[in-house]
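These notes concern the structure reproduced below.
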Amino acid sequence: MAAARRIVIENCAIATVDANDTEYASGYVVVAGNRIEALGSGKAPEGLENVVRRIDASGHLVTPGLVNTHHHFYQWITRGMATDHNLFNWLVALYPVWARIDERMTYAAAQGSLAMMARGGVTTAMDHHYVFPQGSGDLSGSIIRAARETGVRFTLARGSMDRSEKDGGLPPDFAVETLDGALAATEETVKQHHDASFDAMTQVAVAPCSPFSVSTELLREGAELARRLGVRLHTHGSETVEEEKFCHELFGMGPTDYFESTGWLGEDVWMAHCVHMNDSDIAAFARTKTGVAHCPSSNARLAAGIARVPDMLAAGVPVGLGVDGTASNESGELHTELRNALLINRLGAHREAALNARQALRLGTYGGAQVLGRADQIGSLEPGKLADLVLWKLDTLAHASIADPVTALVFGAAAPVTLSLVNGEAVVENGRLLHVDEDAIARSTRDEARRLARIAAQG
């Protein structure tokens, strides 16, 4: 790192979220190239060479960048619909609309989803895209292009569905793929876009949608494909009581046992929601190190229930946070999930002892890195890790009277982002995105939402 360009951040509170939860009331961070070179208490070392920027961060907290572990970007252009439905009724209402998406819509929706997350402190984003209507264009490519333009680190979970209305599923027939077609397209996406390197900006996971929208063969062969290609696996699991009933009726077992029977438990797997998990389910996830993407706002929006996050953490299950699609979480940003994870879990059995502010921050940073398989690279502030970090402004009216900065960040209103670095490069500065025009994105998402609504209305 001797010849690398350096950024020095000083006079800030620091929450490293390392294994010891090391914090500094006033300290420094040195970024060299795309890595964290040093950090600690007090002033930065003297004599650093090639310093291109020095930041006095008084009144700020530095944390690892937030890591989003579950999303559906395309839903940005169907926000505010079916607002009083449970999951299955919501899907019935929206699948006929989603089945009409095309490449232009998907690109605009991805831009909107990414912009909202990035300006709110997300440095690693993830999209589970599983709707591929026939003749809709290069949807995966459009999503990856939007992430690259925004400047965030990105995992595309290339989803799929092969159980349509004619098979007892929910999506229209023309909005699903064949078993062979889904597997072939997924493999091509991995080969074309997945980067396995330490500082990869784009990775791909294999991600059949859910037990009730894919065949057993697609689940089983999808797992085999992922392991042959050396990539991770993602799906929805145990989201609602209706899903549990469906699995018992169709497969004669609950969702966790069904997943295990198809090869879908393991340290290379993470699942979204996992709301309805009994002790045996949690033990199976802990034993296999299967990860969970906890989506508290979406779970509440769809009345799915309260996930047993404290019990999962106590058992050793890796847990991160997810925005989920913005048709079931219209805010579309991850800070809300820090706060709601803490507050909603306190409504459960553990009450005030469920989660604290630092546990919530860990879910949104290191926990997310764990479930994406990148905990050695991101998720905490440590020398040698990638320089994905956020500088939160906490000296304004919204937070200045809260003495503890982590409490201010998690319990308080969404804090302004003064600076967000991804791979050592500034992506957000003073609350504004640097690489894309968010006003232009707002216009394009509005236009594409209206175009989709017109097409869907025409049937």
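As the structure is a computational prediction, the values presented were derived from the model and not from experiment.
Checking side-chain atoms of R6 against main-chain N and O of E49 turns up a donor-acceptor pair under 3.5 Å. Under a 3.5 Å cut-off, the side chain of R362 and the backbone N or O of A357 do not form any donor-acceptor pair. A distance-only check finds a donor-acceptor pair linking the side chain of S142 to the backbone of L139 [under 3.5 Å]. Looking only at distances, no side-chain donor or acceptor of E149 sits under 3.5 Å from a matching main-chain atom of A146. A donor-acceptor pair under 3.5 Å links the side-chain atoms of R339 to the main chain of F411, judged by distance alone. Checking side-chain atoms of K385 against main-chain N and O of A375 turns up a donor-acceptor pair under 3.5 Å. At least one donor-acceptor pair under 3.5 Å links the side chain of D195 to the backbone N or O of S197. Put simply, the side chain of R153 gets close to the backbone of A200: a donor and an acceptor are under 3.5 Å apart. A donor-acceptor pair under 3.5 Å is formed between the side chain of T235 and the backbone N or O of C209. In this structure, T155 contributes its side chain and V204 its backbone to no donor-acceptor pair below 3.5 Å.
Rounding to the nearest 0.5 angstrom, the gap separating the OG1 atom in T189 from the CZ atom in R158 is 5.0 Å. Annotation: the span from S420 atom OG to L66 atom CG amounts to 8.5 Å, rounded to 0.5 Å. Between atom CG of residue N430 and atom OG1 of residue T418 there is a gap of 6.0 Å, rounded to the nearest 0.5 Å. Of the inter-residue distances, the one linking S298 atom OG with N340 atom CG reads 11.5 Å to the nearest 0.5 angstrom. Atom-to-atom distance recorded for Q359:CD and L361:CG is 11.0 Å, nearest 0.5 angstrom. Rounded to the nearest 0.5 Å, atoms CG (D257) and OG (S280) are 6.0 Å apart.
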Donor-acceptor contacts, no H, no angles, side chain residues 8-19, under 3.5 Å, sequence neighbours left out:
| residue | atom | partner | partner atom | Å |
| --- | --- | --- | --- | --- |
| E10 | OE1 | R54 | NH1 | 3.4 |
| E10 | OE2 | A44 | N | 3.0 |
| N11 | OD1 | K43 | NZ | 2.8 |
| N11 | ND2 | D56 | OD1 | 3.0 |
| T16 | OG1 | D18 | N | 3.2 |
| T16 | OG1 | D18 | OD1 | 3.3 |
| T16 | OG1 | D18 | OD2 | 3.4 |
| T16 | OG1 | T22 | O | 2.8 |
| D18 | OD1 | N20 | N | 3.0 |
| D18 | OD1 | D21 | N | 2.8 |
| D18 | OD1 | T22 | N | 2.9 |
| D18 | OD1 | T22 | OG1 | 3.2 |
| D18 | OD2 | T22 | OG1 | 2.8 |

Name every donor-acceptor pair, under 3.5 Å, that has one atom in a side chain of residues 300-318 and the other anywhere in the protein, sequence neighbours excluded.
| residue | atom | partner | partner atom | Å |
| --- | --- | --- | --- | --- |
| R301 | NE | E330 | OE1 | 3.2 |
| R301 | NH1 | A82 | O | 3.1 |
| R301 | NH2 | M81 | O | 3.3 |
| R301 | NH2 | A327 | O | 2.8 |
| R301 | NH2 | E330 | OE2 | 2.6 |
| R308 | NE | D311 | OD2 | 2.9 |
| R308 | NH1 | M277 | O | 3.0 |
| R308 | NH1 | D279 | OD1 | 3.2 |
| R308 | NH2 | D279 | OD1 | 2.7 |
| R308 | NH2 | D311 | OD2 | 3.2 |
| D311 | OD1 | H350 | NE2 | 2.7 |

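For the pair N329 and C295, the minimum side-chain heavy-atom distance is 4.5 Å or more. Here the side chains of H129 and S140 are not in contact, with every heavy-atom distance at 4.5 Å or above. Considering only heavy atoms from C-beta on, T256 comes within 4.5 Å of L265 through its side chain. Here the side chains of D127 and S113 are not in contact, with every heavy-atom distance at 4.5 Å or above. At a threshold of 4.5 Å between non-hydrogen side-chain atoms, the residues L421 and T123 do not count as touching. The closest side-chain heavy-atom distance from H294 to N299 is below 4.5 Å. At least one side-chain heavy atom of T78 sits under 4.5 Å from a side-chain heavy atom of L452. The side-chain heavy atoms of S238 and M271, taken from C-beta on, include no pair separated by under 4.5 Å.
Nearest heavy atoms, M126 versus A157: CE-CB, 3.5 Å. Considering all non-hydrogen atoms of both residues, L114 and A125 come closest at CD2-CB, 3.8 Å. Closest approach of A109 and W76 over heavy atoms only: O-CB, 3.6 Å. What you find for P64 and T365 is that their closest heavy atoms are O-CG2, 3.7 Å. Of all heavy-atom pairs spanning V427 and A118, the tightest one is CG1-CB, 4.4 Å. Nearest heavy-atom pair across A415 and L409 is CB-CD1, 4.1 Å.
Between W264 and the options T288, T290, L233, a side chain to side chain contact (heavy atoms under 4.5 Å, CB included) holds for only L233.
Under 4.0 Å is where a charged nitrogen must lie from a carboxylate oxygen, and between E438 and R432 at least one such pair does.
Counting only residues at least two apart or in different chains, ring-ring contact (aromatic ring centres under 6.0 Å, His included) contacts with residues 49-72 comprise H70-H72, H70-H128, H70-H234, H70-H236, H70-H273, H71-F73, H72-H128, H72-Y130, H72-H236. Pairs of residues two or more places apart, or lying in two chains, that qualify as side chain to side chain donor-acceptor pair (under 3.5 Å) and include a residue from residues 405-416 are D404-T407.
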Checking side-chain contact (heavy atoms from CB on, under 4.5 Å) for the pair V62/L39: CA distance, chi angles, key distance, verdict?
CA-CA 11 Å; V62 176; L39 72 164; over 6 Å; no
Going through the distances and angles, do R148 and F154 end up as a side-chain contact (heavy atoms from CB on, under 4.5 Å)? CA-CA 8 Å; R148 186 177 299 119; F154 180 57; over 6 Å; no
Notebook entry, point to check: For E103 and Y107, what are the C-alpha separation, side-chain angles and deciding distance, and is it a side chain to side chain donor-acceptor pair (under 3.5 Å)?
Noted result: CA-CA 6 Å; E103 183 176 341; Y107 173 67; over 6 Å; no
Before you tell me yes or no, could you show the steps for L219 and Y258 under side-chain contact (heavy atoms from CB on, under 4.5 Å), namely the whole-Å CA-CA distance, both residues' side-chain angles and the distance that decides it to 0.1 Å? CA-CA 10 Å; L219 274 179; Y258 175 60; 3.5 Å; yes
Margin query: Show, in sequence, the C-alpha distance, side-chain angles and deciding distance for M201 and V422, and conclude whether the side-chain contact (heavy atoms from CB on, under 4.5 Å) test is met.
Written below: CA-CA 9 Å; M201 292 296 290; V422 181; 3.9 Å; yes
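For the salt bridge (charged side-chain N to carboxylate O under 4.0 Å, His left out) test, residues two or more places apart in sequence or in another chain that qualify with D268 are R227. Shown here are the side-chain hydrogen bond (donor to acceptor under 3.5 Å, both in side chains) partners of E429, two or more places apart in sequence or in another chain: R53.
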